Structures are given as structure tokens and as C-alpha cells.
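Below is one structure; the comments refer to it alone.
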Amino acid sequence: MTSHDLTRQLSKFLDRHLVFPLLEFLSEKGKEVQIYDEADIQKAKLDLLQKTNMVDYTVEIYQSLYDVKTTPSEMVSWRDDVVSRLRTLKEQAASVVQFLSNEGLVKQLRQDKAHNLQFLQDNFQIGPAQIDALYHFAKFQFDCGNYTASAEYLYHYRTLGTNTERNISALWGKLASEILQQNWETAQEDLNKLKDILDSNSFAPALEQLQQRTWLLHWSLYVFFNHENGRNNLIDLFFQDRYLNALQTTAQHLLRYLAVAVVINKRRRNVLKDLIRIIEQESYEYSDPITQFLECLFIKYDFEGAQQKLLECEEVIDNDFFLTACKAEFVENARLFIFETYCRIHQCIDLQMLSQKLNMDEEAAEKWIVNLIRNARLNAKIDSKARTVVMGMTFPSPYEHLVDKAKGLSTRTFSLANAVAGVAR
């Protein structure tokens, strides 16, 4: 299973604080399969923590890993340095923090940053130096693991700060803080703001734009697999040309999450053909049991292979931080895909054979198919004597046929018009 674990690939595009939940998940007790040795996971945590200011947590992991009760002298010195630095930053930002703690004063601020800066300077002697100090104080709080304080201070910095680069950095930090607090609604709003900024920054170097979009795709996984409408939003974002280009260029492993989102989202079956095309294009670069399941089913029509890959999918999902809660949904919809695809090819299907394709016993498969016929209004019936499923013939309506033919017509027309205009010039 380690060959299908994406923790290493994902970590390259995440803030180190966002990697901790992935490592915590891998070391959870009670899991059927532990794909890494617990000591190796603890060492990975220790390595990450030493690049933060979370001293107490680092000491705790160190003592647990090496089974000691003493604290190394270098960690004692490190704690003293962190406390001293925190005290200094707090003093430098004290005036603006005190102002922000008064709700009545904060309400006097306007949307106009120039007005706010003048107001703060004239009435509270708060200038650019104090506002910059707020940024550094918020960042230090984040490094210490105090995500509530960092989210609050970074929010206020963005309303006051005029440095564009730092404002974007503050939004990244606030998004991470909201994710780590599991404030999914606010995190979704911050994600949308960040996307708007990245999309409007067309003058940035192409490589920088590619990197930023790749980071956004990775960070969005935390939001999309926890937000109420997240999977639908994931499909919308990942299929946008700019972000799909980023995925296919630098992050093909994200196809796993796009594939799962499409499979479990019944309302977005319209993008299935595009997904299959992308999976086929990128199969030389990346594949796992989830993408291979779709390849077997929709490209090779290999039902035996799809059946085997579905079993492997369950193991992959069990050990994936983002997908583990989607297991039942994915398996249910994957079986539905197998059933629908098999029924498209065969008119009369043996129940025993179909139950094997679905990885279910015959009685459970029969009940599942009965419910499917009833709920999905399929044109099918079960012959109890012959133990078969008999499919009725279905044909697309003229309306569906017209819509299918006209799909993408406006895009093609626009492209042709541009081509003609280019020749005319």
C-alpha cells in the first residue's frame, strides 16, 4: 500500500503545518493496516516540528520517540528563544492589537485603506511600522500553532496592510489557519478570494502562476472533502482550463481526488467522458487502483479487471486522509457504474454472474438491483425463475441527441471566428 500513499507527493505543495494531519492519520490506532512503521512517522513529525516554533509539541514527540523523560538542552534553549521572540513581537504590535480588541473602534474603520491608515495615525499613533509588526506577530503565532490568534490577526492585517505581496501571503496563512481549525465555511470563502487574486494576476511569471495554482489545488482538498458542497466545487475548479493545465503539468496524482469526486457525484456524470479522456492521457505518468478501475470499465470494458481494482480501491481509500470518509459512497457508485455498463452491453444477465461482478453475494445483489430499479426507474425487471435480470431497450430522446450534438458548439464557433479574424489581419 505504500506505493499508493500520496503523503510524500502532497507534502511538496503544502505548508508544513498542513502536513501534520496527514501524519496523524497515518499513525491512528485501530487501523486494519499500518502502512508505515510508527517510529518512522514520529521521526517525520519531529523533522517537521523542528522547522516550526511548536517547542512543547516537539519535546513531547522527542520524549515519546526515544522513550526518555528529560528535555535536551538545545530544546530548552530553543524554547527560551521562542518565548523571548514572542515577547518582543507582542510588544511591537501591542498598540495595534489593543486597538483591534476594542470592537467599537474597529467599527469606525472603512473599506478605504488610505483613510484607515490616516485615522490610525492621527488618533492612535499607529503607523506602517506597527501594522508590519502585526503581520510578523500573526505569522509567529501561526508558527507556534496558535491558529485562532493567527487567523484573527491576519484578517485584520489584510484590512489595514497596503503591501500587496504580504496581503497575499497573509491570505494563504489565514486559509491554512481556518483549515487547521476546521472552519470549513470560512476556509471556502478564503479559498475563493485566493483563487480570484491568482486568476487576476496575469502579469506574474508563467512559472509562478503555475506553482500558485498547483498549491491552491492541493490546499483545496482539505476544504472540498469537508465542505457541504465541496465535491461539486472540486469538480468545477479542477476542470477549469488553467487549473487542469496545472494538474496535468505538475500534479497528476490529484487525478485520484478528481476521479472520486466525479464517481460519487451523481449530478456531475456529464464530465465523466472528459475525466476518462484525461485519465487515459495521463496514464503513462500516473495511475492507481481508482484511475485503473475507471480505465478497466470505460476504456477496456474489462469487468473482471474492474472487479479486482474495486477491491484495491477500498484499501487505497481506507489509507487516504481525504477519502476515507467517502468509502461507502464510492463503492456504492462504483458498483452502479459496473451494473450500468454491463447492462448496456447485455440484454439478459445472470444474477449469479452479476453478483460476482459487483463483489456481493447473490441475495444481497438481488436486493441491491431491486432497489436500484425502483429508485432509479431503470427499464429492467428480474426474472425470479430464471434468476436473470432482463433489460428493456432504451433510446435517447431527440432532445438528448440534439443537446449532445450541440455540446461545445459555441466554443468551436468562437475558436473558428478567432482563426478567421487572424487570417484576415
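A quick note: this is a predicted structure, and the numbers were derived from the prediction, not measured. These numbers come from the heavy atoms of this one structure, side chains and all, not from hydrogens, waters or symmetry mates.
For the residue pair Asn102 / Gln98, no side-chain donor-acceptor distance below 3.5 Å is found, with atom types taken as modelled. With 3.5 Å as the limit, one finds no donor-acceptor pair spanning the side chains of Asp236 and Gln240. When only modelled atom types and interatomic distance are considered, Gln130 and Gln92 share no side-chain donor-acceptor pair under 3.5 Å. Under the 3.5 Å distance criterion, with hydrogens and angles disregarded, a donor-acceptor pair is assigned to the side chains of Gln292 and Ser287. There is a side-chain donor-acceptor pair under 3.5 Å between Asp320 and Tyr257. For the residue pair Asn232/Arg268, the side-chain donor-acceptor check at 3.5 Å is satisfied. If you check the side chains of Glu304 and Gln308, you find no donor sitting under 3.5 Å from an acceptor.
Salt bridge status for Lys193 with Glu189: absent, with no side-chain N to carboxylate O gap under 4.0 Å. With respect to Arg79 and Asp56, a salt bridge is recorded, a charged nitrogen being found less than 4.0 Å from a carboxylate O.
Counting only distance, with no hydrogens or angles, the side chain of Asn333 and the backbone of Leu336 share no donor-acceptor pair below 3.5 Å.
Tyr62 pairs in a side-chain contact (heavy atoms from CB on, under 4.5 Å) with only one of the listed residues (Thr71, Thr70, Val68, Leu49), which is Val68.
Proximity of the aromatic rings of Tyr153 and Tyr135 is defined here by a centroid distance below 6.0 angstrom, and this criterion is not met. Ring centers of His253 and His218: under 6.0 Å apart, within the cut-off. The six-membered or imidazole ring of Phe238 lies away from that of Tyr243, with a centre-to-centre distance of 6.0 Å or more. Residues Phe298 and Phe337 bring their aromatic ring centres within 6.0 Å.
Between Asp318 and Glu315 there is no side-chain heavy-atom pair separated by less than 4.5 Å.
Under the 30°/60° scheme for interplanar angles, the aromatic rings of His115 and Phe119 are found to lie parallel.
Dense packing is recorded around CD of Glu74, with more than 12 heavy atoms of other residues, nucleotides or ligands lying under 6.0 Å away.
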